[in-house]
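Encoded as structure tokens, the structure appears first; notes follow it.
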Amino acid sequence: ARHGAGSPETADAYRAAIGAAGAARDEAGVAMLTVNLGLFLAGDGRLDDAVVALREGAAIARRLGGEGSDLAARAEAALVR
């Protein structure tokens with residue numbers, strides 16, 4: 001099922017996917033999903049939660065090295081808006 005902006009199920013779906021990626025030890029997936037969660041939350045007006053998710057996603061992406069640099073930059077750019 002697709003969930004749109006403003007739907008509480010969307011954030012829950014992102015969190016479930018983040019948990020699944022973490023369980024699979026897919027750090028790149030965790031980073032991408034966490035940044036996307038942050039972007040969703042920002043668009044939904046939940047700015048405090050968005051900042052937490054974007055910072056966490058950026059930190060995970062940076063740990064990936066070159067593979068995560070674009071994602072980290074995207075998260076950090078969203079933080080300065």
Side-chain angles (χ1 to χ4, degrees):
R2 283 187 77 146
H3 304 291
S7 170
E9 293 88 9
T10 301
D12 292 343
Y14 272 115
R15 289 185 180 101
I18 290 165
R25 299 181 189 257
D26 177 5
E27 287 298 300
V30 171
M32 180 196 66
L33 289 162
T34 304
V35 169
N36 286 342
L37 171 62
L39 294 171
F40 166 77
L41 292 169
D44 199 39
R46 294 186 266 175
L47 300 183
D48 290 342
D49 292 335
V51 167
V52 171
L54 288 166
R55 285 184 177 156
E56 182 178 329
I60 297 166
R62 278 193 301 276
R63 286 197 304 266
L64 295 171
E67 172 187 356
S69 62
D70 288 345
L71 183 59
R74 186 171 137 213
E76 290 160 356
L79 285 166
V80 298
R81 288 186 192 169

For residues 19-33, which residue pairs qualify under side-chain hydrogen bond (donor to acceptor under 3.5 Å, both in side chains), counting only residues two or more places apart or in two chains? none

If you round to the nearest 0.5 Å, how far is CG of Asp49 from CG of Asp44? 10.0 Å

Mind listing the side-chain donor-acceptor pairs of residues 11-20 below 3.5 Å, one per line with the distance, residues two or more places apart or on another chain?
none

With sequence neighbours left out, which residue pairs that include part of residues 29-41 fulfil the side-chain hydrogen bond (donor to acceptor under 3.5 Å, both in side chains) condition? Asn36-Arg74

Considering all heavy atoms, the nearest Val30-Gly22 contact: CG2-N, 3.4 Å

Side chains of residues 59-66: which donor-acceptor pairs under 3.5 Å do they make with residues two or more places apart or in other chains?
residue	atom	partner	partner atom	Å
Arg62	NH1	Glu76	OE2	2.3

Minimum heavy-atom distance between Ala72 and Ala58, given as atom pair plus value: CB-O, 3.9 Å

Applying side-chain contact (heavy atoms from CB on, under 4.5 Å), name anything that partners Val52, two or more places apart in sequence or on another chain. none

Closest non-hydrogen contact found for Ala31 with Leu71 is C-CD2, 3.5 Å

Shortest non-hydrogen contact from Ala42 to Ala50? N-CB, 3.4 Å

State which residues pass side-chain contact (heavy atoms from CB on, under 4.5 Å) with Leu79; sequence neighbours excluded, sorted by chain then number. Val51, Leu54, Arg55

